[in-house]
Amino acid sequence: MKRIGRIRLLEHNYLLYATLPLVLLSCGREKVPETGISGVWKSPESGWVLQVGQDSTYSFFHLNALNCSLIRQGPIADFGNAIEVERDTLLLTKGVLTYRFLRSSEFPGICGETLPAVKASDPMYNFEVFFQTIGDHYAFMELNGIDWPALYEQQRAKLAAYPTEFRLYEILEETLELLNDNHGYLEADAAFYERLEANSPPSETTDGQNDRKEYGDFEVANIVSEVYLSEEMTRESNLIRWGMLDTATGYVQIKAMWLFADLNIRESRKEQLGYVGAYVEAFQAMDEGSYIEREVAGARKAMERAMADLKSADCIVLDIRFNGGGQDAVSFEVLRHFNKRRRKVALQKLKGPAGFSPIQELWLETSKTPFVKSVYLLISPQTGSAAETMALASQSLPHFRRIGSNTSGALSTALEKQLPNGWAFALSNEHFMDTSGVLYENEGIPADYDLHYPRDRQAFFRQVAEAPDADLEAVGEALEKLQRQE
């Protein structure tokens with residue numbers, strides 16, 4: 001679902017977010033002329049304000065009781081077909097989710113004020129804006145047993161005793177850790193990190209004798225697929241790999257739920273920024289609606305090839321154990337190739353200052369030739385975010401069974417915000433639930449056949465990467481037992 005300019009986080013978790021949610025149009029609602037949306041719109045659960053002028057331009061703001069920040073301006077055409085209006089409600093579609101804005105008779109006065117530079121950089125003021133935003137929108141205070149007033153007083157006292165930008169950064173990061181926010185992050189600008197490094201003591205070095213190899217998720221995925229694929233069929237795809245596990249069983253491995261889009265990235269930028277950095281820079285320059293459409297189109301292209309090649313298989317093993325997430329829209333695109341009719345697969349609600357939004361139903365579409373024979377979805381503690389969305393939605397497909405261990409438990413979409421000093425941060429403001437309203441945050445989606453994988457990232461990666469044949473044997477035993485039960 002869901003991060004622009006946050007390369008460090010992207011490289012670790014393959015999560016993708018954007019500052020302004022402009023995405024795919026959901027069907028079944030009446031379009032209105034651009035002039036019909038002029039005025040002021042407020043999103044109560046997301047703290048967004050959208051001001052649309054008669055000249056078909058817009059201004060987009062982040063708003064809370066203490067601060068209003070202008071994030072983006074431009075022609076309303078930037079939104080493409082992502083905006084529609086139903087009476088006094090504006091609907092903005094982001095991937096598989098739709099965000100509501102209510103018409104307001106007044107433009108917030110605070111949004112028209114110019115914030116003095118001294119105040120914008122003041123650590124205490126930034127602290128207050130951060131805590132106001134978290135208090136308004138964090139969705140898991142109760143679940144995680146957070147005493148928010150006490151935590152506020154505790155952290156404020158720490159900063160008040162030594163109110164510097166370095167101490168502010170330390171306290172805000174610590175707060176996100178104490179909240180146990182699975183999608184929370186704090187990202188300052190490059191200049192701050194340079195100052196921070198210059199003021200930090202030298203790190204201690206070790207001789208490295210006791211260091212063990214650190215594996216990356218793509219690295220482990222490649223090791224596993226080399227062992228699993230008795231017949232390789234993959235072509236023109238670095239993110240989806242497929243073929244036959246044995247003469248009757250197909251195998252599809254999906255490494256991420258983003259990076260599928262063809263963004264025409266220059267080789268020079270890849271060399272300068274690395275592929276992930278160049279990719280993020282490229283989609284930043286686009287409107288998000290076009291970007292997401294390209295992500296989905298890229299995934300669709302690969303999945304159509306894979307499903308055509310595997311249509312004669314007796315069953316398919318679908319492996320997302322090393323998939324850290326990306327776009328929910330990509331997850332739904334993958335899953336619809338296994339769905340024979342449109343069906344409800346999830347529920348969602350967002351947290352705002354006044355409480356949660358009405359529950360939104362999420363529906364999975366189908367493909368022309370879906371694979372409806374048995375599918376075994378491999379999941380693990382490193383199946384995260386948008387990949388977990390797919391695992392959750394798969395519970396509504398009767399021919400799916402899950403093998404592995406509980407997913408990571410990070411299902412909420414991240415609400416991305418900006419502090420007055422320019423630092424970006426995000427928090428989890430969503431309950432993403434199954435069709436019965438069960439919440440899997442922290443616990444993860446369970447497996448039907450548990451292989452008891454370690455929850456620690458590197459412990460799990462080492463277990464699989466250093467003994468891939470044993471891993472294949474364990475999965476094979478699970479397949480046999482589940483097949484006998486069918």
Side-chain angles (χ1 to χ4, degrees), residues 1-2 16 21 23-29 91 93-100 139 183 252 254 256-258 292 295-296 299-300 303 307 316-321 323 325-350 356-379 383-404 406-413 428 430-441 443-448:
M1 108 202 119
K2 300 148 196 155
L16 185 62
V23 194
L24 304 176
L25 177 66
S26 58
C27 60
R29 295 194 294 268
L91 302 171
T93 303
K94 179 184 187 290
V96 301
L97 305 179
T98 300
Y99 296 82
R100 66 171 187 156
H183 268 128
V252 181
I254 303 171
M257 298 305 183
W258 71 302
I292 298 296
E295 286 280 17
V296 172
R300 180 181 302 124
M303 281 302 298
M307 300 314 295
I316 286 178
V317 171
L318 184 56
D319 194 347
I320 57 171
R321 288 176 295 173
N323 188 321
Q327 288 286 349
D328 288 339
V330 170
S331 296
F332 275 45
E333 171 60 33
V334 171
L335 200 59
R336 76 178 185 88
H337 290 275
F338 302 91
N339 183 36
K340 68 178 180 180
R341 64 172 176 81
R342 185 174 185 266
R343 69 180 77 222
K344 181 170 64 177
V345 294
L347 303 174
Q348 174 259 6
K349 61 181 180 180
L350 299 173
F356 282 92
S357 68
I359 288 178
Q360 179 182 159
E361 297 178 344
L362 303 183
W363 293 75
L364 180 67
E365 304 298 333
T366 186
S367 67
K368 293 181 180 179
T369 56
F371 187 93
V372 294
K373 290 176 277 188
S374 294
V375 180
Y376 302 95
L377 185 67
L378 303 188
I379 58 176
T383 302
S385 194
E388 289 187 274
T389 297
M390 185 172 140
L392 182 145
S394 77
Q395 295 180 130
S396 296
L397 301 180
H399 59 301
F400 266 68
R401 295 293 181 272
R402 285 147 296 280
I403 297 172
N406 283 38
T407 60
S408 70
L411 287 104
S412 171
T413 297
S428 299
E430 176 193 36
H431 282 189
F432 204 109
M433 305 164 285
D434 70 12
T435 55
S436 299
V438 176
L439 183 67
Y440 292 94
E441 195 76 13
E443 295 183 3
I445 313 303
D448 296 295

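- In summary, K344 and E361 engage in a salt bridge, as defined by a charged side-chain N under 4.0 Å from a carboxylate O.
- Atoms OG and CE, from S412 and M433 in turn, are 11.0 Å apart once rounded to the nearest 0.5 Å.
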Check the pair V296 / F332 against side chain to side chain contact (heavy atoms under 4.5 Å, CB included), numbers first and verdict last. CA-CA 9 Å; V296 172; F332 275 45; over 6 Å; no
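- Smallest separation of non-hydrogen atoms from S396 and P398: O-CD, 3.5 Å.
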Apply the test side chain to side chain contact (heavy atoms under 4.5 Å, CB included) to residues E430 and L350: give CA-CA distance (whole Å), side-chain angles for both, the deciding distance (0.1 Å), then the verdict. CA-CA 4 Å; E430 176 193 36; L350 299 173; 3.6 Å; yes
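- For the pair A299 and V330, the tightest heavy-atom approach, listed with the atom from each and the gap, is CB-CG1, 3.9 Å.
- In this structure, H431 contributes its side chain and A139 its backbone to a donor-acceptor pair below 3.5 Å.
- Shown here for S331 and A386, the closest heavy-atom pair between the two residues is OG-O, 2.6 Å.
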Could you give me the CA-CA distance, side-chain angles and deciding distance for E441 and F432, then say whether side chain to side chain contact (heavy atoms under 4.5 Å, CB included) is met? CA-CA 8 Å; E441 195 76 13; F432 204 109; 5.9 Å; no
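- Here the side chains of V96 and Q348 are not in contact, with every heavy-atom distance at 4.5 Å or above.
- Atoms OG1 and OH, from T413 and Y99 in turn, are 4.5 Å apart once rounded to the nearest 0.5 Å.
- In this structure, the side chains of Q360 and T98 come closer than 4.5 Å at one or more pairs of heavy atoms.
- Side-chain atoms of E388 come within 3.5 Å of backbone N or O of A410 as a donor-acceptor pair.
- Formation of a donor-acceptor pair under 3.5 Å by the T383 side chain with backbone atoms of I320 is found in this model.
- Residues G325 and S385 approach most closely at CA-CB, 4.1 Å, considering heavy atoms.
- Counting heavy atoms from C-beta outward, I403 and V317 have side chains that stay 4.5 Å or more apart.
- A donor-acceptor pair is defined here as one N or O able to donate and one able to accept, closer than 3.5 Å; such a pair exists between the side chain of N323 and the backbone of I254.
- Considering H399, H337, R336, K340 as possible partners of P370, the one that fulfils the side-chain contact (heavy atoms from CB on, under 4.5 Å) test is K340.
- Interatomic distance, T407 OG1 to I379 CD1, rounded to the nearest 0.5 Å: 6.0 Å.
- Nearest heavy-atom pair across K349 and P358 is CB-O, 4.3 Å.
- Note that CG of D448 is 6.0 Å distant from CZ of R401, once rounded to the nearest 0.5 Å.
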Yes or no on side chain to side chain contact (heavy atoms under 4.5 Å, CB included) for L362 and L97, after CA distance, side-chain angles and deciding distance? CA-CA 7 Å; L362 303 183; L97 305 179; 3.7 Å; yes
Could you go step by step and tell me if S394 and R402 meet the side-chain hydrogen bond (donor to acceptor under 3.5 Å, both in side chains) rule? CA-CA 9 Å; S394 77; R402 285 147 296 280; 2.9 Å; yes
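- Shortest non-hydrogen contact noted between G95 and A329 is CA-CB, 4.1 Å.
- Rounded to the nearest 0.5 angstrom, R343 CZ and T435 OG1 are separated by 10.5 Å.
- With hydrogens and angles disregarded, a donor-acceptor distance shorter than 3.5 Å links the side chain of N339 to the backbone of L364.
- Note that the CG atom of L318 and the CZ atom of F400 stand 5.5 Å from one another [nearest 0.5 Å].
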